Amino acid sequence: MTLKCLINPKDKWLQHALQHRVKFCRIISKIIKGNPHFYVQLILEGYPYQKVKMGDETMGMDIGPSTIAMVSDTKAELKEFCEKVVKIDKEKRVIQRRLERQRKANNPQHYNVDGTIKKGKKVWKNSKRYIKIKKELAEMERRLAETRKMLQ
């Protein structure tokens, strides 16, 4: 199979990568905004391109669930870990509550008087709006995972 590549001749990282031998390729499938996208990922030999030069100073890091602490001879810092993720998390909870309200409205026969779901096998009715919002939630989950990966 032959595929066209988008190559920026000024990109130093890409120029470094293309100097190495391709070990193998794999096809990656992602659903972005409800549409399937396919990518070819090249696995190369050699060492990755170093964008940042390493310093001479020794530093200690402690990565916690919500913060990163860094200590060296000259300074100490405490930074918030994944600040953007918290904002997306709040939006996600709003959409999840909205989906639950829609599901209760469309399927009142599957719920007890106290609002809990009845036991047993059920066939759920989903409206077109419910399906659309569920796809929005899936897109939000994808963006959340991508943001976490980028921040890490």
Side-chain angles (χ1 to χ4, degrees), residues 1 3-8 10-18 22-44 47-55 59-72 75-152:
M1 180 184 280
L3 300 170
K4 266 188 166 179
C5 294
L6 301 173
I7 297 175
N8 182 359
K10 295 178 183 177
D11 188 358
K12 291 180 183 178
W13 175 85
L14 190 58
Q15 295 303 319
H16 175 79
L18 292 175
V22 176
K23 290 170 82 174
F24 60 92
C25 302
R26 61 180 160 209
I27 297 174
I28 306 290
S29 170
K30 289 184 181 181
I31 295 178
I32 300 174
K33 296 184 179 177
N35 299 320
H37 288 73
F38 295 93
Y39 300 93
V40 175
Q41 188 178 55
L42 300 177
I43 302 352
L44 306 170
Y47 293 98
Y49 179 71
Q50 299 294 321
K51 293 180 186 177
V52 180
K53 300 291 181 197
M54 300 299 269
M59 178 180 268
M61 292 178 70
D62 180 28
I63 301 174
S66 61
T67 57
I68 300 174
M70 296 174 278
V71 179
S72 69
K75 68 177 182 177
E77 278 188 62
L78 184 67
K79 290 189 174 185
E80 185 80 22
F81 186 62
C82 299
E83 296 167 345
K84 295 178 182 176
V85 172
V86 175
K87 293 176 186 173
I88 295 173
D89 238 6
K90 289 177 183 176
E91 290 176 42
K92 188 177 116 180
R93 280 195 300 270
V94 169
I95 289 178
Q96 286 174 330
R97 286 195 306 266
R98 185 176 178 187
L99 283 172
E100 182 59 26
R101 285 192 307 269
Q102 286 180 331
R103 193 171 61 198
K104 277 185 180 180
N106 290 334
N107 303 285
Q109 71 278 10
H110 297 318
Y111 288 88
N112 294 320
V113 178
D114 62 350
T116 58
I117 298 174
K118 292 180 181 177
K119 288 185 177 181
K121 188 177 177 183
K122 295 164 210 53
V123 178
W124 295 91
K125 291 182 219 161
N126 297 326
S127 63
K128 288 180 183 178
R129 180 75 50 120
Y130 178 88
I131 293 167
K132 181 182 174 189
I133 293 171
K134 202 165 183 178
K135 285 181 182 178
E136 284 177 24
L137 181 64
E139 173 65 17
M140 191 171 287
E141 289 281 2
R142 183 197 65 80
R143 282 191 296 135
L144 185 64
E146 202 171 276
T147 305
R148 269 198 199 106
K149 190 173 180 181
M150 180 189 69
L151 291 172
Q152 289 173 351

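Throughout, residue positions are numbered sequentially from 1 according to the sequence presented. Values below: all heavy atoms of this structure, side chains included; hydrogens, waters and symmetry mates excluded. Keep in mind that what you see is a predicted model, and the values were worked out from it rather than measured.
For Lys92, the salt bridge (Lys or Arg N to Asp or Glu O under 4.0 Å) criterion is met by Glu141, not counting sequence neighbours. The side-chain hydrogen bond (donor to acceptor under 3.5 Å, both in side chains) test applied to Glu77 returns Lys75, not counting sequence neighbours. For the side chain to side chain contact (heavy atoms under 4.5 Å, CB included) test, no residue two or more places apart in sequence or in another chain qualifies with Ala138. Residues meeting the side-chain hydrogen bond (donor to acceptor under 3.5 Å, both in side chains) test with Gln102, sequence neighbours left out: none.
Taking every heavy atom of both residues into account, Asn8 and Leu14 meet most closely at N-CD2, 3.9 Å. Closest heavy-atom contact between Glu100 and Tyr111: OE2-OH, 3.2 Å. In this structure, Pro48 and His16 approach most closely via the heavy-atom pair C-NE2, 3.8 Å.
The distance from atom CG of Asp11 to atom CG of Leu18, rounded to the nearest 0.5 Å, is 9.0 Å. Here His110 contributes atom NE2 and Ile117 contributes atom CD1; the two are 9.5 Å apart, rounded to the nearest 0.5 Å. Within the model, atoms CE of Met59 and CE of Met70 stand 6.0 Å from one another, a figure rounded to the nearest 0.5 Å. Atoms CD1 and CZ, from Ile95 and Arg98 in turn, are 7.5 Å apart once rounded to the nearest 0.5 Å.
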If you look only at distance, which donor and acceptor atoms sit under 3.5 Å apart when one is on a side chain in residues 25-40 and the other is two or more places apart or in another chain?
from: Arg26; atom 1: NE; to: Gln41; atom 2: OE1; distance (Å): 2.4
from: Arg26; atom 1: NH2; to: Gln41; atom 2: OE1; distance (Å): 3.0
from: His37; atom 1: ND1; to: Asn35; atom 2: O; distance (Å): 3.0

Listing, residues 121-130 side-chain donor-acceptor contacts under 3.5 Å, not counting sequence neighbours, or none:
from: Lys122; atom 1: NZ; to: Lys118; atom 2: O; distance (Å): 2.5
from: Lys122; atom 1: NZ; to: Gly120; atom 2: O; distance (Å): 2.5
from: Ser127; atom 1: OG; to: Tyr130; atom 2: N; distance (Å): 3.1

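With Arg103 as the partner, the side chain to side chain contact (heavy atoms under 4.5 Å, CB included) test is satisfied by one option alone out of Leu99, Asn107, Asn106: Asn107.
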Step-by-step salt bridge (Lys or Arg N to Asp or Glu O under 4.0 Å) determination, Lys135 to Glu139: CA-CA 6 Å; Lys135 285 181 182 178; Glu139 173 65 17; over 6 Å; no
